[in-house]
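Below is one structure; the comments refer to it alone.
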There are 4 protein chains.
Amino acid sequence: MVSERTAYDEKLESILRTSAAIFADKGYHQASIRDIARATNVSLSGLYYYFKSKEELLFLIQDHAFGTLIHEAEEMLLGVDDPVRKIRLLIENHLRFFIGNMAEMKVLSHEAGSLTGDFRRRVNAKKRRLSEIAMGILRELRPDGGLDLRVATFSLFGMMNWIYNWYRPESDVPVERLAADMSRLFLGGYLQSASQLPDAARQAAPGEQHPSIWRTTAPH
Amino acid sequence: MVSERTAYDEKLESILRTSAAIFADKGYHQASIRDIARATNVSLSGLYYYFKSKEELLFLIQDHAFGTLIHEAEEMLLGVDDPVRKIRLLIENHLRFFIGNMAEMKVLSHEAGSLTGDFRRRVNAKKRRLSEIAMGILRELRPDGGLDLRVATFSLFGMMNWIYNWYRPESDVPVERLAADMSRLFLGGYLQSASQLPDAARQAAPGEQHPSIWRTTAPH
Amino acid sequence: MVSERTAYDEKLESILRTSAAIFADKGYHQASIRDIARATNVSLSGLYYYFKSKEELLFLIQDHAFGTLIHEAEEMLLGVDDPVRKIRLLIENHLRFFIGNMAEMKVLSHEAGSLTGDFRRRVNAKKRRLSEIAMGILRELRPDGGLDLRVATFSLFGMMNWIYNWYRPESDVPVERLAADMSRLFLGGYLQSASQLPDAARQAAPGEQHPSIWRTTAPH
Amino acid sequence: MVSERTAYDEKLESILRTSAAIFADKGYHQASIRDIARATNVSLSGLYYYFKSKEELLFLIQDHAFGTLIHEAEEMLLGVDDPVRKIRLLIENHLRFFIGNMAEMKVLSHEAGSLTGDFRRRVNAKKRRLSEIAMGILRELRPDGGLDLRVATFSLFGMMNWIYNWYRPESDVPVERLAADMSRLFLGGYLQSASQLPDAARQAAPGEQHPSIWRTTAPH
DNA sequence: TATGAATGAGGCTTCATTCAT
DNA sequence: CATGAATGAAGCCTCATTCAT
């Protein structure tokens with residue numbers, strides 16, 4: 001039996017989509033419910049039929065988007081064994097989703113801290129699930145653990161999540177190429193044993209050369 | 001003769017530092033000038049002796065921090081020839097600065113879009129300068145251009161700038177290690193020729209498997 | 001079919017009326033929106049449902065009042081031919097309106113310069129229309145042009161518009177008499193040929209007697 | 001013995017002059033003490049050496065200007081007997097002063113209501129003195145009292161004081177002509193016996209033609 | 001005399017949200 | 001389902017004024 005998509009559902013989703021675009025554009029806190037009313041052609045008070053508060057609206061967007069993202073990831077990984085292929089698929093999935101839903105992606109990446117209380121907890125749970133999937137694959141890839149696992153995982157997510165800051169679909173490479181490049185970038189480094197690196201890259205940069213200057217201004 | 005650091009300068013910088021911490025904590029738009037007044041022990045109106053508007057305050061923080069970051073980077077690269085060593089130093093500089101100034105870093109990374117007009121232009125100019133430095137080095141590293149240069153550059157910055165989302169100094173690896181790991185990660189992939197990659201990583205992921213589902217709304 | 005007067009319209013007009021009284025009393029800039037909220041029994045924010053800014057409120061008052069004034073004037077002059085009678089009617093119309101709407105009148109006369117930008121332009125356009133009506137009549141009255149037309153026109157308006165500075169309905173002459181007196185005053189002078197004036201009035205006052213003392217600062 | 005003009009006096013007067021220009025331009029309440037500090041090149045706090053409050057500054061300007069105006073008027077009328085000539089001189093004096101000191105004039109005419117308490121009382125006293133001089137002359141001119149004396153007097157002042165709203169020295173007639181025209185205008189009407197007026201000007205305008213429309217909006 | 005630094009009071013406006021209809 | 005009208009809270013900023021130096 002198939003779940004019905006009622007008129008209510010459709011309107012809610014249309015509101016979520018429009019709101020995501022607005023939140024992406026102006027930022028969650030800058031965007032006013034009035035902005036959303038205007039863009040959706042729903043009256044100010046009419047919106048509250050679909051969500052109980054602005055924060056819930058943000059939650060719905062994030063939860064919905066994250067849910068989709070994870071769902072797709074899990075489905076895609078089903079039955080794949082080769083960890084290299086797995087991480088490759090995860091990256092492609094992530095980027096494809098992000099670029100196909102740039103507004104939602106930006107809201108996801110940028111408005112993480114705008115949720116509080118239970119809303120935040122629930123989104124964080126999903127986030128953790130996703131990073132655990134990734135970490136699991138990375139562990140499979142190098143059981144010996146050449147690099148710190150958290151560093152590797154979040155470097156990967158950093159690379160990917162950051163794209164909302166620079167990627168422009170009209171002028172940058174297409175998603176396939178983006179995914180291929182990032183995969184090569186990440187896997188090349190991650191799979192490599194330390195001995196394969198050129199000398200200068202292996203040797204530690206001299207931290208002692210950095211004196212007190214590292215505080216923005218004089219430290220005391 | 002050295003330029004004097006007046007009491008005014010010192011107080012302004014102390015205000016900038018405190019404000020950066022608050023903006024980092026609550027976000028620029030959530031933070032109220034009252035919050036800053038409270039934290040700095042200056043009266044609400046007294047603050048306006050040091051900046052003309054909340055936005056100028058944000059600008060001063062970003063401009064100051066970016067200025068320092070770039071200045072250090074340029075000084076550090078002076079006289080270095082080996083491009084591998086150069087990029088290594090750039091990474092270490094960046095991360096060391098970010099971790100030494102986590103509040104400023106977060107404001108830099110997260111509040112890029114909160115500036116408008118001329119303020120935004122001026123900070124963007126600095127940002128561009130930094131990425132051009134990086135791009136220049138990456139070009140030196142691989143004149144043949146294995147990867148798209150923008151993808152490579154911003155992947156690197158994404159890795160680094162994202163850390164404010166996950167890095168905790170108490171429990172994560174120290175900066176030196178962080179810098180070493182990220183350098184390896186990036187250089188390993190970036191310097192590698194395509195032929196060195198394992199099979200599964202080289203082969204394109206099957207984009208055709210991703211149907212229309214990529215819109216946020218669909219999956220039920 | 002007549003355009004409906006909705007509850008919204010009525011409330012807006014009541015707000016305009018009350019606000020005009022407050023602006024007349026304390027001056028536009030001295031009056032606070034809080035004053036208006038108090039006097040109208042509408043909450044501070046509730047007022048903004050009826051106008052977008054304090055300046056728009058002032059504009060609405062002026063525009064509404066000026067519109068009425070001009071409308072009445074034009075209607076009243078319809079079908080009147082004798083220019084003497086015309087100017088007589090214009091004066092009576094003006095004074096009657098002003099005294100019947102002392103608050104609006106004062107706001108009109110006194111807060112001309114408090115409007116800026118487009119608001120100002122639009123009110124000025126109406127103002128110009130009114131003075132052109134007057135000028136037209138004055139030209140008819142003396143095609144030979146005994147007096148400078150601008151001087152005559154604005155002297156007349158000066159006489160009339162100034163009344164908010166001194167006229168008190170309880171103790172001064174009633175409007176009819178006021179209009180009659182001002183009409184006589186103005187027409188007597190305006191229609192008279194120079195030769196009818198007493199000698200001393202015709203002869204120029206000796207300007208040479210006024211030396212440099214005319215700067216404010218000088219005198220003893 | 002002559003009263004010395006100390007450096008203090010000179011600076012005060014320069015401040016008054018500059019302030020008058022600013023008050024004339026932006027209005028008393030819009031102008032900030034900071035504006036005045038900027039324009040006078042005196043520090044904000046430095047100004048308070050010359051006046052105790054912004055209101056006192058306004059008072060000083062008005063009192064000084066009115067004092068000069070009346071002083072000149074009285075001196076000029078000394079020894080003049082013919083009332084026609086007297087009023088002629090008064091008008092010329094008034095207009096010449098106003099046009100020679102447009103800023104002060106505007107402050108005088110426009111900011112009458114911005115003074116409170118004793119400041120206001122003292123300026124009002126001067127104002128009354130001036131209108132009594134004028135009324136006295138008008139009484140001499142027509143002992144029979146053809147027109148209401150207050151109406152005549154304040155019509156005259158209205159004509160004259162209103163000029164700050166329209167007179168532009170570059171394009172309008174010169175002061176001498178202005179004074180001549182206004183004198184003719186006023187005296188022509190004021191001296192004339194009712195019987196000399198054209199029929200239509202004498203006959204009352206039909207007040208009954210003005211129905212309820214005279215309230216800006218429906219009255220209740 | 002003169003000023004740099006500071007402040008309390010108050011101004012306009014916007015916001016998320018509610019409620020009667 | 002939907003909305004017009006309304007509101008309390010809060011936000012940013014400016015102002016006249018002061019005071020130690």
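Below, chains carry the letters A, B, ... as their sequence lines are ordered, and counting in each starts from 1. All values reported here derive from a predicted model rather than from experimental measurement.
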- Have a look at B/L57 and tell me which of B/Y50, B/F23, B/Y48 forms a side chain to side chain contact (heavy atoms under 4.5 Å, CB included) with it. B/F23
- Of the candidates E/dT3, E/dA16, E/dC12, the side chain of C/K54 sits closest to E/dC12
- Message: Taking the minimum atom-to-atom distance to the side chain of C/Y49, which one of E/dT1, F/dA6, F/dA16 wins?
- Response: F/dA6
- Note on the structure: To the nearest angstrom, the CD-P distance between B/E55 and F/dG11 comes to 18 Å
- According to the salt bridge (charged side-chain N to carboxylate O under 4.0 Å, His left out) rule, which pairs have a member within residues 23-51 of chain C, sequence neighbours left out? C/K26-C/D35, C/D35-C/R38
- Item | Under the ring-ring contact (aromatic ring centres under 6.0 Å, His included) test, residues paired with A/F59 that sit two or more places apart | A/F119
- Query: Once Watson-Crick and G-U wobble pairs under 3.5 Å are found, how is DNA chain F written in dot-bracket notation, 5' to 3', with | for any base paired to another strand?
  - Reply: .||||||||||||||||||||
- Task: Please figure out whether C/I33 or A/Y28 has its closest DNA chain E nucleotide nearer the 5' end.
- Result: C/I33
- Name the closest nucleotide to the C/K11 side chain, picking from F/dA6, F/dA16, F/dG8. F/dA6
- Under 4.0 angstrom, heavy atoms only, what part of the nucleic acid is A/A37 near: base, sugar-phosphate, or nothing? nothing
- Query: What about A/S45: does its side chain form a donor-acceptor pair under 3.5 Å with the base of F/dG4?
  - Reply: yes
- Message: With hydrogens left out and only the distance checked, is there a donor-acceptor pair under 3.5 Å joining C/S43's side chain and the base of F/dG8?
- Response: no
- Message: Categorize B/A7 for me: base, sugar-phosphate, or nothing, with a 4.0 angstrom heavy-atom threshold over every strand shown.
- Response: nothing
- Take A/S109 and A/M105, measure what side chain to side chain contact (heavy atoms under 4.5 Å, CB included) needs, and give me the verdict at the end. CA-CA 6 Å; A/S109 299; A/M105 144 185 87; 4.3 Å; yes
- Task: Have a look at D/F51 and say if it touches a base, only the backbone sugar-phosphate, or nothing, with a 4.0 Å heavy-atom cut-off.
- Result: nothing
- Query: When the distance from CG of D/L44 to C1' of E/dT3 is rounded to whole Å, what number comes out?
  - Reply: 10 Å
- Item | Nearest to side-chain heavy atoms of D/Y48, which nucleotide of F/dT7, E/dA16, F/dT18 | F/dT18
